[in-house]
Amino acid sequence: MKVAVLGTQASGKGTQSHILSVIMGVQTASVGELLRELQNEDSKRGHTAKIEMAKGAFVDDDIIMPLVKDWVSKHPEGWILDGFPRSVEQAKKCESFFKPDAVLYLEVPDEDSKKRISYRRLCSKCKTNYNLITQPPHSPNGTCDKCGGELVRRGDDTPELVEERLRHYHEVTEPLKEWFAARGKLVLVDARKGIAEVAHEAELKLEDLFHRKARARRLKLWGLIFLALAVVTFAVLTITGYILNS
Ligand code: AMP
């Protein structure tokens, strides 16, 4: 099972990807996270990623494509990938190695997205995500529950960069809805509801899509069997008629 998770900023892509990965028993990764790890690499691509992300801009495809290709090739049994592709151009470029069975698209209005981002915190050590309202840390001093690290705001979560990322999202990422709908892969979910409700709806809609695809595959198979039988019957009748007439 291979699922790409897309959507508005702070629509819960990471949270829902983790829930789905547990339900489906496959690995998950976020391209944003892979890039944040890459920033620590003392290399040209690490420095470039840092500069582009600090501007709220997309990281160059020369960096993104090998990163995604490498990650998906390591998980041939299935995956959930959050944040890729982010443009129709990327979707076209990766068609040879990136073949999701479904694309889960989470949507929230811009105002909700901005509000959620203002409450978003990240552990400075282990990178676990928190939301001070919906997923606050349980530790009394407000540090990370997993490692005790300090919770900080992401560098690109400033109001100016959020505006820029939302503008870019509507212009470049949103057309992917139509792209994947045309390919029968789109699963659209209203992500304004609570985490559990969104997860439940996403699971039901994904199951429905997979069942419909399996049914279509079965029908196609029966169609082919029927056609083959018809051809064989026709051939046998023709040959028999020829023998009887001669
Ligand atoms: P995210 O954690 O998904 O909000 O992504 C953080 C940042 O990583 C984005 O603002 C982009 O700069 C970069 N990024 C993530 N995914 C992609 C992608 N598919 N293509 C280009 N840049 C990306």
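In each ligand, atom 1 is the first atom listed, and ligand 1 is the first ligand listed.
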Could you tell me whether the side chain of [Y] reaches within less than 4.5 Å of the side chain of [X], counting heavy atoms only?
{"X": "C144", "Y": "L151", "answer": "yes"}
{"X": "K185", "Y": "K213", "answer": "yes"}
{"X": "L81", "Y": "T28", "answer": "no"}

Q: Measure the acute angle between the ring planes of Y169 and Y105, then classify it against the limits of 30° and 60° as parallel, tilted or perpendicular.
A: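 Answer is tilted, since the angle falls between 30° and 60°.
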Atom indices of ligand 1 within 4.0 angstrom of [X] heavy atoms, with elements:
{"X": "R165", "answer": "4 (O), 10 (O)"}
{"X": "I64", "answer": "18 (C), 20 (N), 21 (C), 22 (N)"}
{"X": "V31", "answer": "16 (N), 17 (C)"}
{"X": "F84", "answer": "19 (N)"}

What is the closest protein heavy atom to [atom], and at what distance does it sit?
{"atom": "atom 22 (N) of ligand 1", "result": "V59 N, 3.0 Å"}
{"atom": "atom 20 (N) of ligand 1", "result": "Q90 NE2, 2.9 Å"}
{"atom": "atom 11 (C) of ligand 1", "result": "A57 O, 3.5 Å"}
{"atom": "atom 2 (O) of ligand 1", "result": "R36 NH2, 3.0 Å"}
{"atom": "atom 7 (C) of ligand 1", "result": "M53 CE, 3.7 Å"}

Would you check if the side chain of [X] reaches a backbone N or O of [Y] as a donor-acceptor pair within less than 3.5 Å?
{"X": "T8", "Y": "V108", "value": "yes"}
{"X": "D145", "Y": "H138", "value": "yes"}
{"X": "D101", "Y": "K2", "value": "yes"}

Q) Counting heavy atoms only, which of E33, R86, K13 is nearest atom 1 (P) of ligand 1? A)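 The residue whose heavy atom sits nearest atom 1 (P) of ligand 1 is R86.
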Q: Pick whichever of I117, L38, L35, D157 has a heavy atom sitting closest to atom 14 (N) of ligand 1.
A: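 The nearest heavy atom belongs to L35.
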Record the part of [X] in heavy-atom contact with ligand 1 below 4.0 Å; permitted values are side chain, backbone, both and neither.
{"X": "Q9", "value": "neither"}
{"X": "E52", "value": "neither"}
{"X": "S87", "value": "neither"}
{"X": "R120", "value": "neither"}

Q) Do D112 and R116 sit within salt-bridge range, that is, some charged N less than 4.0 Å from a carboxylate O? A)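 Salt bridge flag = no for R116 with D112.
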Q) So, R167 and D110, do they make that salt bridge, N to O below 4.0 Å? A)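 Judged by the 4.0 Å cut-off on N to carboxylate O distance, R167 and D110 do not form a salt bridge.
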Q) Judged by non-hydrogen atoms, does P85 sit under 4.0 Å from ligand 1? A)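 No, P85 has no heavy atom closer than 4.0 Å to ligand 1.
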Q.
Less than 4.0 Å is my threshold; does some heavy atom of R154 fall inside it relative to ligand 1?
A. yes
Q | Short N or O distance, G83 and ligand 1, threshold 3.5 Å exclusive | A | yes
**Q.** Matching residue for K93 among E95, Q90, E89 - test: side chain to side chain contact (heavy atoms under 4.5 Å, CB included)
**A.** E89
Q. Do you know the tightest heavy-atom contact between H170 and P175?
A.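 Heavy atoms only, the tightest pair is O-CD, 3.9 Å.
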